[in-house]
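What's counted below: heavy atoms across the whole structure, side chains too, no hydrogens, waters or symmetry copies. Lettering of chains follows the sequences in order, A, B, ..., and the numbering in each one begins at 1. These figures come from a predicted structure and were not determined experimentally.
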Amino acid sequence: MSKQVRTAIEPTREENYAEWYQQVIKAADLAENSDVRGCMVIKPWGYAIWENIQRILDGMFRETGHKNAYFPIFIPKSYFEKEAAHVEGFAKECAIVTHSRLEDDGKGGLKVAGELTEPYIVRPTSETIIGESFSRWVNSYRDLPLLINQWANIVRWELRTRLFLRTAEFLWQEGHTVHESYEDAMVETRKMLDVYGTFAEKYLAFPVIKGEKTEGERFPGAVSTFTIEAMMQDRKALQSGTSHFLGQNFAKSSNIKFQNRNGEVQYAWTTSWGVSTRLIGALIMSHSDDNGLVLPPKIAPSHAVIIPIYKTEEEREAIMSFVSEIQHALKTVQYDGIPIRLEIDDRDMTSSERGWYWIKKGIPIRMEIGPRDLQNRSVFMGRRDKDAKDKQTLNFEQIIGSLPEILDDIQDNIYNKALEMRKTYTINIDDKEEFYKFFTPKNAEQPEVHGGFAHSHWCESTECEDKIKEDLKVTIRCIPNDAVEEAGKCICCGKPSRRRVIFAKSY
RNA sequence: CGGGAUGUAGCGCAGUCCGGUUUAGCGCGUUCGGUUCGGGACCGAAAGGUCGCUGGUUCGAAUCCAGUCAUCCCGACCA
């Protein structure tokens, strides 16, 4: 009789991926649904991940010359109406403020009153209201480039929401910049895409494909949209960050003009770029396993936990004093530029229960210290990137000396695992039948995990793009930046094509 | 926003079809006491619910009816 392996998360990824995702969030205590439709409460462990994302990205933005500012959450409807494509893209998902007061309704409740003369839109993105400020800030070529970033919450009244991946309110950063020329703005657009790519790969530990969106997938009002696309463990693509070249569209609608070096008044060139709490969703779906969350050390709220194990008061004192010694010594040890973040868990629970608690939360390193370890001044160390039972003994010097190295190794391992998975499920497809087979689940009722990224030729017509979307729910994720010129035939219509693009199902 | 499902204790559920001995239960968790503790413990006791919300039908509603809100799945939408 073979003993079935018990997983901390039920169902497993294979059994029901969507449900597994929700259970991981719950088990790690990252967030929960609130009473407000589509809005989530981000709990401390989840919010700490966001704070790390903010801290690191903010540093990267500063290094590239950007400054933070803050603009209102409300946008006058009239501002919003100025850019036609923008309006069309967002009109159906706006929350609107129409009143300013509550009055006693005489029945123990309240009624809305004080209707506004002009409604306010709760920002779904801030191009229009920031543009209004920029039009006053920019007068001369000497004012450019203007490089601004804002950390904010925004609201998009999405019809179908999922924690972190798509919520009605979410946290993000939005960069907004103004430039003298087409070239300068394009350089900025690509530069920030590179920042996102570096951040995803180096810190969040998942590989991304950088590329350009097709016309149909573009940001409303943009001239071109660039994206980083990541493959989740169910082989679907997740758009994890976007950088938009806005041309002069928003400069014209917001009247951002300046006097150029020749003394002529001209419209400026603008960009915008953003990543959101969706990155946490990407993080979860990239690395987590059937035992719960797996966090790359560079983004984990805590790097390690010490779990003391003792029976008697005497043992407790001896072990806790050793724990303090380690804690003290680790204060001077840095990992990725900051002191090691350490948890001490001496709650009155069995050691295994505490161990599993931290496994589910994704902490990179667990260190158990019991009476046996104390004698040798050592710990029994488990790593989240390895099997729960795969543990090794480290002596005091190793703990102090090699923890950063081990964390680096975990970070690399997690990245490589994600990279391997993407490689395994990324293929070139040139045959239409094979393409359709690749994206069709065997079980239509309860689709199993299938598909992946298909590099295939495309004739660049919207008709073919739409046809494939309709037939298979597969979309062009991007035209990769590194796509090579290569003559081929469109996977859909067979007409000539000059390069491959990436097709995938997506979130 | 269309189709389907669900809403009963912190979590997971039974009870709803066929209204009334059900004083609204069970498992997990929680609290207390004890034995345990190095691989997801055990025994005993206790606490915890206006049955999503509003209204209606009825002598009587978790149960029937209407509305409404929320969640999940499918679709449409998705910077």
Side-chain angles (χ1 to χ4, degrees), chain A residues 5-10 16-19 21-23 26-27 29 32-40 83 85-94 107 109 123-127 154-163 165-168 170 172 174 213 216-222 225-227 238-244 246 272-276 278 291-292 307-312 315-316 319 346-360 366-374 378-380 382 387-391 393 444-447 469-470 473 475 506-507:
Chain A
V5 181
R6 179 179 170 191
T7 57
I9 302 296
E10 284 176 354
N16 185 341
Y17 193 84
E19 177 67 15
Y21 174 75
Q22 296 193 90
Q23 292 304 323
K26 196 169 162 184
D29 209 24
E32 61 189 22
N33 277 306
S34 72
D35 289 339
V36 183
R37 197 203 74 90
C39 293
M40 62 177 166
E83 218 294 330
H86 194 64
V87 178
E88 200 185 327
F90 284 106
K92 287 176 190 160
E93 51 185 56
C94 285
K107 291 178 282 190
R123 62 181 166 218
T125 178
S126 305
E127 275 75 8
I154 62 174
V155 170
R156 293 182 188 177
W157 214 256
E158 300 288 353
L159 297 172
R160 200 172 159 190
T161 59
R162 303 186 69 185
L163 289 176
L165 295 177
R166 180 169 289 109
T167 47
F170 58 92
W172 80 342
E174 48 182 324
K213 286 288 185 189
E217 302 268 327
R218 214 174 268 161
F219 176 72
T225 288
F226 297 87
T227 177
L238 184 71
Q239 176 179 307
S240 307
T242 45
S243 185
H244 314 292
L246 304 175
S272 69
W273 28 274
V275 294
S276 70
R278 174 181 259 201
N291 284 328
I307 300 172
I309 301 167
Y310 49 79
K311 288 178 197 157
T312 65
E315 281 174 345
R316 193 192 75 84
I319 286 170
D346 72 336
R347 288 177 295 173
D348 183 19
M349 292 156 60
T350 65
S351 61
S352 55
E353 206 173 348
R354 283 177 284 161
W356 282 104
Y357 172 88
W358 289 103
I359 288 172
K360 285 185 275 192
R366 306 184 308 282
M367 292 185 279
E368 294 166 17
I369 305 177
R372 288 207 295 273
D373 306 294
L374 188 61
S378 66
V379 303
F380 205 38
D387 191 272
K389 286 176 185 163
D390 182 356
K391 286 184 276 196
T393 299
E445 298 293 309
Q446 279 221 298
K469 186 175 180 182
E470 195 177 319
K473 289 179 218 147
T475 51
S506 75
Y507 278 94

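- Projected onto RNA chain B by closest heavy-atom contact, Y310(A) and K26(A) fall at different nucleotides, the more 5' of which corresponds to K26(A).
- The CD1-C1' distance, from I359(A) to G38(B), rounds to 14 Å in whole Å.
- When heavy atoms are screened at a 4.0 angstrom cut-off, A222(A) is found touching no nucleic acid atom at all.
- The side chain of F380(A) sits closest to G38(B) out of G75(B), A41(B), G38(B).
- Taking atom C1' in both U63(B) and G7(B), one finds a spacing of 15 Å when rounded to whole Å.
- Across the strands present, U71(B) finds its partner in A5(B); the criterion is a Watson-Crick or G-U wobble pair with both atom distances under 3.5 angstrom.
- Checked against C73(B), G40(B), C78(B), the side chain of S352(A) finds its nearest nucleotide in G40(B).
- Whole-Å rounding puts the Y21(A) OH to C73(B) P distance at 11 Å.
- Between the C1' atom of A70(B) and the CE atom of M40(A) lies a distance of 17 Å, rounded to the nearest Å.
- When each of A76(B), C72(B), G40(B) is scored by its nearest atom to the side-chain atoms of L159(A), the top-ranked nucleotide is A76(B).
- As rounded to the nearest Å, G55(B) and A76(B) have P atoms that lie 40 Å from one another.
- H86(A) comes within 4.0 angstrom of nothing in the nucleic acid, heavy atoms only.
- No side-chain heavy atom of R278(A) sits under 4.5 Å from any side-chain heavy atom of W172(A).
- Figure legend: cation-pi geometry between R347(A) and Y357(A), with NZ or CZ positioned under 6.0 Å from the six-membered ring centre and within 45° of its axis.
- Within the nucleic acid shown, P371(A) comes within 4.0 Å of at least one base atom, counting heavy atoms only.
- The distance between atom NZ of K92(A) and atom P of C77(B), rounded to the nearest whole Å, is 9 Å.
- Pair assignment for U54(B) gives A66(B), based on Watson-Crick or G-U wobble hydrogen-bonding distances that are each under 3.5 Å.
- Counting non-hydrogen atoms under 4.0 angstrom, K360(A) reaches a base of the nucleic acid.
- Nearest to the side chain of E158(A), among C73(B), C78(B), G38(B), sits C78(B).
- Going from the P atom of U6(B) to that of G49(B) covers 27 Å, rounded to whole Å.
- Using the Watson-Crick or G-U wobble rule with both distances under 3.5 Å, G29(B) pairs with nothing in any strand shown.
- Here U16(B) sits opposite no nucleotide as a Watson-Crick or G-U wobble pair (both hydrogen-bonding atom distances under 3.5 Å).
- Across C59(B) and A66(B), the matching C1' atoms stand 23 Å from one another, rounded to whole Å.
- Within 6.0 Å of the CG atom in D35(A), the count of heavy atoms belonging to other residues, nucleotides or ligands does not exceed 12.
- The side chain of K473(A) lies closest to G75(B), out of C73(B), C11(B), G75(B).
- Residue N291(A) has its side chain nearest to G40(B) when only U71(B), G40(B), C37(B) are considered.
- Between C39(A) and T167(A), every side-chain heavy-atom pair lies at or beyond the 4.5 Å cut-off.
- The closest side-chain heavy-atom distance from L374(A) to Y310(A) is not below 4.5 Å.
- U36(B) and A41(B) have their C1' atoms separated by 7 Å, given to the nearest Å.
- Contact check for H86(A) versus E127(A): side-chain heavy atoms found under the 4.5 Å cut-off.
- Figure legend. U22(B) is base-paired to no nucleotide; pairs are counted as Watson-Crick or G-U wobble with both atom distances under 3.5 Å.
- Note on W157(A): nothing from the nucleic acid sits closer than 4.0 angstrom, heavy atoms only.
- Pair assignment for C78(B) gives none, since no Watson-Crick or G-U wobble pairing has each distance under 3.5 Å.
- Counting only heavy atoms from C-beta on, E368(A) has its side chain closest to G38(B) among G38(B), C72(B), C73(B).
- As judged by a 4.0 angstrom heavy-atom cut-off over every strand, K311(A) is placed among the base-contacting residues.
- Rounded to a whole Å, the CD1 atom of I369(A) is 17 Å from the C1' atom of C37(B).
- Nucleic acid contact for G241(A): none, since no nucleic acid atom lies under 4.0 Å from a heavy atom of the residue.
- E158(A) has its side chain within reach of E93(A): a pair of non-hydrogen atoms, C-beta onward, lies under 4.5 Å apart.
- Atoms CG (L163(A)) and C1' (U71(B)) sit 11 Å apart, rounded to a whole Å.
- Across all strands shown, U35(B) is found opposite A41(B) as a Watson-Crick or G-U wobble partner, with both distances under 3.5 Å.
- Taking every side-chain heavy atom of T161(A) into account, C72(B) is the closest of A70(B), G12(B), C72(B).
- For R354(A) (side chain) and P308(A) (main-chain N/O), a donor-acceptor pair under 3.5 Å exists by modelled atom type.
- G33(B) and G19(B) have their C1' atoms separated by 44 Å, with the value rounded to a whole Å.
- As judged by a 4.0 angstrom heavy-atom cut-off over every strand, T125(A) is placed among residues making no nucleic acid contact.
- Pair assignment for G49(B) gives none, since no Watson-Crick or G-U wobble pairing has each distance under 3.5 Å.
- Contact of the I309(A) side chain with the I319(A) side chain is not registered, since no non-hydrogen atoms from C-beta on lie closer than 4.5 Å.
- Within 4.0 Å of G370(A), counting heavy atoms only, lies at least one base atom of the nucleic acid.
- Rounded to whole Å, the distance from CD on E93(A) to C1' on C78(B) is 6 Å.
- When each of E470(A) and L374(A) is assigned the nucleotide of RNA chain B bearing its nearest heavy atom, the one mapping closer to the 5' terminus is L374(A).
- Within the nucleic acid shown, E19(A) has no heavy atom closer than 4.0 Å to any nucleic acid atom.
- For Q22(A), taking side-chain heavy atoms from C-beta onward, the closest of the listed nucleotides G38(B), C77(B), C73(B) is C73(B).
- To the nearest 0.5 Å, atom CD1 of residue I154(A) and atom OG1 of residue T125(A) are 6.0 Å apart.
- Taking the P atoms as reference points, C64(B) lies 26 Å from G27(B), given to the whole Å.
- Spacing of C1' atoms, C43(B) relative to G60(B), comes out at 43 Å, to the nearest Å.
- Counting only heavy atoms from C-beta on, W356(A) has its side chain closest to G40(B) among G40(B), G38(B), A70(B).
- Among the protein residues, R218(A) comes within range of the sugar-phosphate backbone only, with heavy atoms under 4.0 Å from sugar or phosphate atoms but none that close to a base.
- Atom CE of M349(A) is separated from atom P of U36(B) by 20 Å (rounded to the nearest Å).
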